[in-house]
Amino acid sequence: MSDELALLDATAQAELVRRREATPLDLVDAAIARCQRLNPELNAVTLPALEQARARAAAADLPRGPFHGVPFLMKDLGGIEGGRPYTAGMRCLKDANWTETTNAYLTDKLLAAGLVILGRTNTPELGLLPTTEPAAFGATRNPWQPSHSPGGSSGGSAAAVAAGIVPAAHASDGGGSIRIPAAHCGLVGLKPTRGRNSFGPGAGERWNGFSSEFVVTRSVRDAAALLDVTNGAMPGDPYAAAPPSRPYTAALQTPPRRLRVGLMRSAPPDRGFALHPECRATAERAAQLLESLGHVVEVAHPPALDDVGPLQQFVTVVAANIARLLDATGDKLGRALTPDDVEPLTWAIGERGRQLSAAQLLAALEAVHGFGRALAAWWRDGFDLLLTPTTAQPPPPLGHLCSPPDQPFLGFMRSAPYGAYTSAFNLSGQPAISLPLGWTADGLPLGAQLVAATGGEDLLLQVAAQLEEAAPWAGRRPPVHA
């Protein structure tokens, strides 16, 4: 049964339980078997909780929500679980056996839906890179080609889902960290609107609003159903996205109207890299599919995306946040951190953040907000969606985005092609989705990204469902698969 279940998305697995064709324990035992067989090769799950998962699956009080008994994984960055280890990819927290005490609201919502958590997945230290190769746990390998990166920072989750260990997994996105791994692993990766999902009670926001938490999935319907589970403001949230007018699963039942879509088929200027031909071809294929579905596609994109200035402000804001996170981690451990506690890149970015004044941080945030207004105007002025490649380059070989100790920023600078199309919408807070609509000649997945106006997740999911039907990807499985 294990290999048969590995082919099913979360919705289909839950349906087996509802029809009494499988029990929650059947699903979880099968997922555990897959994890034990595949994880030694992938290194996707770094903090397993397999016996706890079996106990939850067998419990009489397992919530009978929409995903009753479905196995799931949490990224080890955010998604706090009370009583469980938490590292955020940091060796100092790993060595201290740090354990959190209180669930995040997001975790509570996922548990209330009946999901059974098998453990936590690998992530780069503090989510700083679009690859998953932390010193604390070692590299996660891409199921499509184990010599290549699965992306980051949700690379452990994406590798586990792509390999069939679980049908969906928690993920987060501060500059592309849901969408990049989804593109690199052949998955659906939706970054929700800012404020759609709560960071409480432990935080009001992450990276001054750049970051969002959600999941990576194999199917569009799973993304819609899980967003129905997770969305909504919680007590104390500093801001929240407007509630949807109907459930996201209901939106999938209605095809979208004829849409006007802009296609960005060039690399942003003055970034020092070119758009890979196969990445461009993936976006162009998506454009052809949209036209075949009756939508109007024209080569156009927001002029604001051609401005390199917001990228500099992005780094400023992130650096200030990393400096604060290092202080907060020191508070947890009861001592100030030193360079030996973290990776060279993390320390270097934190030191840059410490050199900023409060006025400089506020100036950067003002510039970010101005950029968001300029960007959003393009949707107000007549376009419904923007279509881009998800990344400017295919999945890189492992090690390409790592840095030697004497050049801590090398990997960070090499990361530019991977966040070129994603990070702008972390600044603006708009929703965006990556869909697996391309593959390189040697078999690595590539993504096409669709971006909507703020609050437009329903439209993204509707169009994604159309594309999934027109160019199905469910039958494609990587060489490393259950």
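Worth saying up front: this structure is predicted, and the values here are computed from it rather than measured. Atoms considered below: every heavy atom in the structure, side chains included; atoms not considered: hydrogens, waters and symmetry mates.
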Salt-bridged, D341 to R335, with N to O below 4.0 Å?
yes

Any donor-acceptor N/O pair, D237 side chain to M234 backbone, under 3.5 Å
yes

Which atoms form the tightest heavy-atom contact between S157 and T121, and what is the distance?
OG-OG1, 2.8 Å

Do the non-hydrogen side-chain atoms of L305 and W378 ever get within less than 4.5 Å of each other?
no

Determine whether a donor-acceptor pair (N or O, by modelled atom type, separation under 3.5 Å) exists between the side chain of N142 and the backbone of H148.
no

How are the rings of W207 and F314 set relative to one another: parallel (under 30°), tilted (30 to 60°) or perpendicular (over 60°)?
perpendicular

Heavy-atom pair of closest approach, residues P478 and W144:
CB-CD2, 3.4 Å

Just by distance, do the side chain of S403 and the backbone of P408 share a donor-acceptor pair under 3.5 Å?
yes

Do L50 and L118 come close enough that some side-chain heavy atom pair is under 4.5 Å?
yes

In short, T282 meets A448 closest at the heavy-atom pair CG2-N, 4.0 Å

Atom pair CG (N321) and CG (L126), whose distance is rounded to the nearest 0.5 Å
10.5 Å

Think K94 forms a cation-pi with F137, using NZ or CZ under 6.0 Å from the six-ring centre and within 45 degrees of its axis?
yes

Fit a plane to each ring of H184 and Y418, take the angle between them on a 0 to 90° scale, and name the class: parallel (under 30°), tilted (30 to 60°) or perpendicular (over 60°).
perpendicular

Just so I know, are the side chains of Y86 and L47 near enough to count as touching, which here means a heavy-atom distance under 4.5 Å?
no

Looking at H170, M74, K75, which hits side-chain contact (heavy atoms from CB on, under 4.5 Å) with R120?
M74

For the pair D222 and T217, evaluate side-chain hydrogen bond (donor to acceptor under 3.5 Å, both in side chains) and give the outcome as yes or no after the intermediate values.
CA-CA 6 Å; D222 276 2; T217 65; 5.7 Å; no

I'd like to know if K191 and D173 make a salt bridge, using a cut-off of under 4.0 Å between side-chain N and carboxylate O.
no

Considering only NZ, NE, NH1 and NH2 on the basic side and carboxylate oxygens on the acidic side, decide whether R194 and E205 come within less than 4.0 Å.
no

Measure the shortest side-chain to side-chain distance between Q312 and V315 over non-hydrogen atoms and say whether it is less than 4.5 angstrom.
no

Within the structure provided, determine whether Q430 and T193 are in side-chain contact (heavy-atom separation under 4.5 Å).
no

Flag the pair E41 and R141 as a salt bridge only when some basic side-chain nitrogen lies within less than 4.0 angstrom of an acidic carboxylate oxygen.
no

State whether the side chain of E278 and the backbone N or O of A441 hold a donor-acceptor pair below 3.5 Å, judged by distance alone.
yes

Using the rule given for side-chain hydrogen bond (donor to acceptor under 3.5 Å, both in side chains), can you reason through T140 versus T132, listing the C-alpha separation, both sets of side-chain angles and the distance that settles it, and then say yes or no?
CA-CA 6 Å; T140 295; T132 302; 5.4 Å; no

Can you name the closest pair of heavy atoms from P445 and P395 and give their distance?
O-CD, 3.7 Å

Run the numbers on Q393 and T391 for side-chain hydrogen bond (donor to acceptor under 3.5 Å, both in side chains), then give the verdict.
CA-CA 6 Å; Q393 294 289 319; T391 63; over 6 Å; no

OG1-CZ distance between T390 and R179, expressed to the nearest 0.5 angstrom:
8.5 Å

Are any of the side-chain heavy atoms of P389 and L446 separated by less than 4.5 Å?
no

Please determine if R56 and E51 form a salt bridge, counting it only when a charged side-chain N lies under 4.0 Å from a carboxylate O.
no

Spatial distance of atom CG (L387) from atom CG (L467) [nearest 0.5 Å]:
8.5 Å

Decide yes or no for L362 and S357: does some side-chain heavy atom of the first lie under 4.5 Å from some side-chain heavy atom of the second?
no

Please lay out, stage by stage, how V216 and V188 fare under the test side-chain contact (heavy atoms from CB on, under 4.5 Å).
CA-CA 6 Å; V216 286; V188 176; over 6 Å; no

Report the distance from atom OG1 of T329 to atom NZ of K332, rounding to the nearest 0.5 Å.
6.0 Å

Roughly how far apart are E213 CD and S198 OG, rounded to 0.5 Å?
9.0 Å

Compare every heavy atom of E125 with every heavy atom of V342, then report the nearest pair and how far apart it is.
CB-OE1, 3.5 Å

Polar side chain donor-acceptor pair, T388 to Q449, under 3.5 angstrom:
yes

From L128 atom CG to S153 atom OG, the distance as rounded to the nearest 0.5 Å
8.5 Å

pair N122-P134: side-chain heavy atoms closer than 4.5 Å:
yes

Do any N or O atoms from the side chain of R196 and from the backbone of A242 form a donor-acceptor pair under 3.5 angstrom?
yes

side-chain contact (heavy atoms from CB on, under 4.5 Å) between L361 and V317, worked out:
CA-CA 6 Å; L361 175 59; V317 174; 4.3 Å; yes

Verdict with reasoning, R84 to N103, per side-chain hydrogen bond (donor to acceptor under 3.5 Å, both in side chains)
CA-CA 9 Å; R84 290 282 297 134; N103 281 354; over 6 Å; no

Can you check side-chain contact (heavy atoms from CB on, under 4.5 Å) on V116 and F67, steps first, answer last?
CA-CA 9 Å; V116 179; F67 292 102; over 6 Å; no

How far apart are the C-alpha atoms of E457 and I433, what are their side-chain angles, what is the distance that settles it, and do they pass the side-chain contact (heavy atoms from CB on, under 4.5 Å) test?
CA-CA 9 Å; E457 289 96 326; I433 193 168; over 6 Å; no

Would you check if the side chain of D228 reaches a backbone N or O of Y248 as a donor-acceptor pair within less than 3.5 Å?
yes

Ignoring hydrogens and angles, tell me if any N or O in the side chain of S154 forms a donor-acceptor pair with the backbone of S177 under 3.5 Å.
yes

Residue pair P310 / F371: nearest heavy atoms and the distance that separates them:
CG-CD1, 3.3 Å

Closer than 3.5 angstrom, by distance alone: can the side chain of R91 be matched with the main-chain N or O of A135 as a donor-acceptor pair?
yes

What I want to check is whether the side chains of D76 and T123 have a donor and an acceptor closer together than 3.5 Å.
no

